[in-house]
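Here the structure comes first, spelled out in structure tokens, and everything after it is commentary.
Predicted, not measured: the structure shown is a model, and the values here were computed from it.
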Amino acid sequence: TGIMLLQLVERGVVHLTVRAVDGRQILRTTVGAFVPVVSGAGDQPIDPPRWDQAVWTQYRPLVPPTNTSRGTSYVYGHACHHHTCSFTDLFRVTSGGSITVTQGARVIRYRITGTSADFPKSGPVSLAARTSGLADRSVPNRLVLVTCAYESGDVSLNNFVVVARR
């Protein structure tokens, strides 16, 4: 298996706010830009280096959540049981909720179109190994949030995924 290192790339502060269908805020977090450096297998899961910050990745090439006109932006964050992490409460969202991405005066709004806990973290059917469907990076105006889907205790073999469109 490959080793994945993440290098921080400063791009200005980006905030991500997720709201339920009724407008109630589910979570708010900062989003950093990272460049994974992969050696070996390319289907390794993204592991954000900070518990309290989500990251969007810049490889294959991916696009920032502030400019999805060129394709899908994938944002990864940790979900935790014993302390608050960037995506701890993400599992609470449903279709019809909203995601707002802000950077300075720029505000981009997305509507949540679906959620799923059926994506293995690694292996041949993982999101990282796929090239079609949700993994088709060329789909414009789409934002995909990815975090752990806890099956029991602290075990997490799958990812919980939220899909939103502009």
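- Of the listed residues (Leu134, Asn158, Val125, Val146), just one forms a side chain to side chain contact (heavy atoms under 4.5 Å, CB included) with Phe119, and that residue is Leu134.
- Under a 3.5 Å cut-off, the side chain of Tyr110 and the backbone N or O of Pro65 do form a donor-acceptor pair.
- Residue pairs satisfying the salt bridge (charged side-chain N to carboxylate O under 4.0 Å, His left out) criterion with at least one member in residues 156-166, sequence neighbours excluded, are absent.
- Residues Thr113 and Ser95 form no side-chain contact, since every pair of their non-hydrogen atoms from C-beta on lies 4.5 Å or further apart.
- Rounded to the nearest 0.5 angstrom, Arg106 CZ and Asn67 CG are separated by 5.5 Å.
- Between Ile112 and Val18 the shortest side-chain heavy-atom distance falls below 4.5 Å.
- Side-chain atoms of Thr88 and Ser86, non-hydrogen and from C-beta on, never get closer than 4.5 Å to each other.
- In this structure the side chain of Ile99 never reaches within 4.5 angstrom of the side chain of Arg109, judged on heavy atoms.
- Across all non-hydrogen atoms, the minimal contact from Ala54 to Val75 is CB-CG1, 3.7 Å.
- The distance from the CD1 atom of Ile26 to the OG atom of Ser98 is 9.5 Å, given to the nearest 0.5 Å.
- Between Ile108 atom CD1 and Thr68 atom OG1 the span is 7.5 Å, to the nearest 0.5 Å.
- You'll find the side chain of Leu90 reaches within 4.5 Å of the side chain of Leu145, heavy atoms only.
- A side-chain donor-acceptor contact under 3.5 Å links Thr72 to the backbone of Val139.
- A side-chain donor-acceptor contact under 3.5 Å links Thr147 to the backbone of Gly77.
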Inset, instruction - Please lay out, stage by stage, how Thr66 and Val14 fare under the test side-chain contact (heavy atoms from CB on, under 4.5 Å). - result: CA-CA 8 Å; Thr66 54; Val14 175; 4.2 Å; yes
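- Among all heavy-atom pairs drawn from Cys148 and Ala79, the shortest one is O-CB, 4.2 Å.
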Inset, instruction - Could you walk me through whether Val21 and Thr94 pass side-chain contact (heavy atoms from CB on, under 4.5 Å), step by step? - result: CA-CA 7 Å; Val21 175; Thr94 59; 3.7 Å; yes
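- Within the model, atoms OH of Tyr74 and CZ of Arg142 stand 4.5 Å from one another, a figure rounded to the nearest 0.5 Å.
- Within the 4.5 Å cutoff, the side chain of Val101 has no heavy atoms near those of the His15 side chain.
- Considering only heavy atoms from C-beta on, Gln53 stays 4.5 Å or farther from Val31 through its side chain.
- The closest donor-acceptor contact from the side chain of Asp136 to the backbone of Ser138 lies under 3.5 Å.
- Atom OG of residue Ser116 and atom CZ of residue Phe160 lie 8.0 Å apart, to the nearest 0.5 angstrom.
- No side-chain heavy atom of Thr115 sits less than 4.5 Å from a side-chain heavy atom of Phe91.
- For residues 16-28, the salt bridge (charged side-chain N to carboxylate O under 4.0 Å, His left out) pairs, not counting sequence neighbours, are Asp22-Arg24.
- We find the CZ-OG distance between Arg137 and Ser132 to be 10.5 Å, quoted to the nearest 0.5 Å.
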